[in-house]
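Numbers restart at 1 for each chain; the letters A, B, ... are given by sequence-line order, proteins then strands.
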Protein chains: 4
Amino acid sequence: MSTNSVDAGHLRAFLERIERLEEEKRAIADDIKEVYAEAKGTGYDVKIMRKIVSIRRMDADKRREEEEILEIYLAALGEA
Amino acid sequence: MSTNSVDAGHLRAFLERIERLEEEKRAIADDIKEVYAEAKGTGYDVKIMRKIVSIRRMDADKRREEEEILEIYLAALGEA
Amino acid sequence: MSTNSVDAGHLRAFLERIERLEEEKRAIADDIKEVYAEAKGTGYDVKIMRKIVSIRRMDADKRREEEEILEIYLAALGEA
Amino acid sequence: MSTNSVDAGHLRAFLERIERLEEEKRAIADDIKEVYAEAKGTGYDVKIMRKIVSIRRMDADKRREEEEILEIYLAALGEA
DNA sequence: TCAGATAAAATCGCGC
DNA sequence: GCGCGATTTTATCTGA
């Protein structure tokens with residue numbers, strides 16, 4: 001078997017892994033849309049919900065950042 | 001329990017479902033990145049890989065579209 | 001003449017170009033709507049027409065993508 | 001020549017008109033992007049420019065609305 | 001830093 | 001006429 005065919009087989013495997021993962025990603029994105037639609041059907045305002053989710057995500061990111069900084073400080077103290 | 005607290009609980013449940021799904025989505029996106037990185041490490045050209053994936057996705061989309069138009073045609077015939 | 005006024009004049013010129021182009025774009029969008037309306041009046045199914053247009057656009061896009069990937073391949077070969 | 005073939009020819013003509021118009025629309029959209037890119041290269045903030053364009057568009061719409069209302073009033077007066 | 005991909009918001013057209 | 005789904009446009013985000 002030539003090097004090329006081995007490479008091609010390898011490449012194909014990579015592509016298939018990627019495509020399977022992209023499909024899963026799309027499925028989850030659809031699930032998210034469905035939840036928003038369901039919430040809308042229950043009377044909630046989707047736009048506001050998205051804002052809440054976005055703010056909470058920023059909060060979570062901020063918390064992570066702060067924890068990282070704290071760890072850096074603690075590490076610096078440990079070395080001091 | 002007041003209507004408000006019930007509604008709030010409901011909203012909270014929706015938000016938590018969404019946030020869990022978004023986290024899963026992010027995890028999968030990371031997986032995809034890892035696969036590309038691994039392929040790159042094996043010597044493949046990421047740009048070319050992305051193009052291939054994109055073209056194959058267009059094929060799939062087109063097939064879907066064609067199935068949809070077939071359904072629309074059939075529905076139109078049914079109404080005729 | 002101050003830098004500010006020059007800049008402002010420049011900005012104004014950009015904005016006017018954009019607005020003129022947007023108006024042209026809107027006019028064309030209206031024309032498209034009119035054609036669909038006319039076709040509908042002649043008895044054609046707009047939904048099906050839109051699907052056909054969409055599928056043909058995908059064909060064109062795919063052709064473009066394929067040309068692009070060919071160029072990328074050739075460029076990659078040139079660098080090899 | 002059957003009715004069907006005439007219809008098909010007609011349909012084809014509609015589709016071609018639409019596709020030609022869509023291409024023009026796309027070309028203009030590209031022009032707009034280029035203007036923004038050029039403005040960006042001159043140091044302007046694209047996001048702010050978009051906001052300005054959007055606000056001016058709203059103003060223009062508002063003016064149009066007000067003129068329409070004025071005309072309706074005037075017409076009502078003429079009939080009174 | 002920049003373009004290109006992705007996600008979000010706005011808009012439009014259709015059916016009820 | 002109005003909500004709903006589909007398309008289009010805008011904004012954000014990522015990776016080269």
Distance-only donor-acceptor pairs under 3.5 Å for side chains of residues 55-68 of chain A, two or more places apart:
from	atom 1	to	atom 2	distance (Å)
A/Arg56	NE	B/Glu19	OE2	2.9
A/Arg56	NH2	B/Glu19	OE1	3.0
A/Arg57	NH1	B/Glu22	OE1	2.5
A/Asp61	OD1	A/Arg64	NH2	3.0

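One atom, CG of A/Asp45, and another, P of E/dA9, lie 10 Å apart when rounded to the nearest Å. Across the protein-nucleic acid pair, A/Asp30 atom CG and F/dA6 atom P stand 12 Å apart, rounded to whole Å. For D/Asp61 and E/dA10, the CG to C1' distance is 13 Å, given to the nearest whole Å. Rounding to whole angstrom units, CD of residue B/Glu34 and P of F/dG15 are separated by 12 Å. As a whole-Å value, the separation of B/Ile72 CD1 from E/dG13 C1' is 14 Å. Between the C1' atom of E/dA9 and the OH atom of A/Tyr36 lies a distance of 13 Å, rounded to the nearest Å. Atom CD1 in D/Ile18 sits about 13 Å away from atom P in E/dG13, given to the nearest Å. Distance, C/Ile52 CD1 to F/dT7 P: 14 Å, rounded to whole Å.
Heavy atoms of C/Lys25 sit under 4.0 angstrom from primed sugar atoms or phosphate atoms, though from no base atom. Across all strands shown, A/Lys47 has heavy atoms under 4.0 Å from sugar-phosphate atoms exclusively, and none from any base.
Expressed to the nearest 0.5 Å, how far CD of C/Glu16 lies from CD1 of C/Ile18 amounts to 10.5 Å. Here the straight-line distance linking atom OH of C/Tyr73 with atom CG of B/Asp45 works out to 9.0 Å at 0.5 Å rounding.
Taking for each of B/Lys33 and B/Glu65 the nucleotide of DNA chain F with the nearest heavy atom, the 5'-most of the two is the partner of B/Glu65. Mapping A/Lys40 and B/Arg50 onto DNA chain F by nearest heavy atom places A/Lys40 at the nucleotide closer to the 5' end. Each of B/Lys51 and A/Lys51 was matched to the nucleotide of DNA chain E holding its nearest heavy atom; the match closer to the 5' end belongs to B/Lys51.
Of all nucleotides listed (E/dT6, F/dT7, F/dG15), E/dT6 comes nearest to the side chain of B/Arg57.
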Hey, mind stepping through C/Glu38 and C/Glu34 against side-chain contact (heavy atoms from CB on, under 4.5 Å) and telling me if it holds? CA-CA 6 Å; C/Glu38 195 188 334; C/Glu34 274 178 46; over 6 Å; no
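Cluster annotation: D/Ile48 is connected to C/Leu11 through the hydrophobic network of ILVMFWY side chains, with a link wherever side-chain heavy atoms come within less than 4.5 Å.
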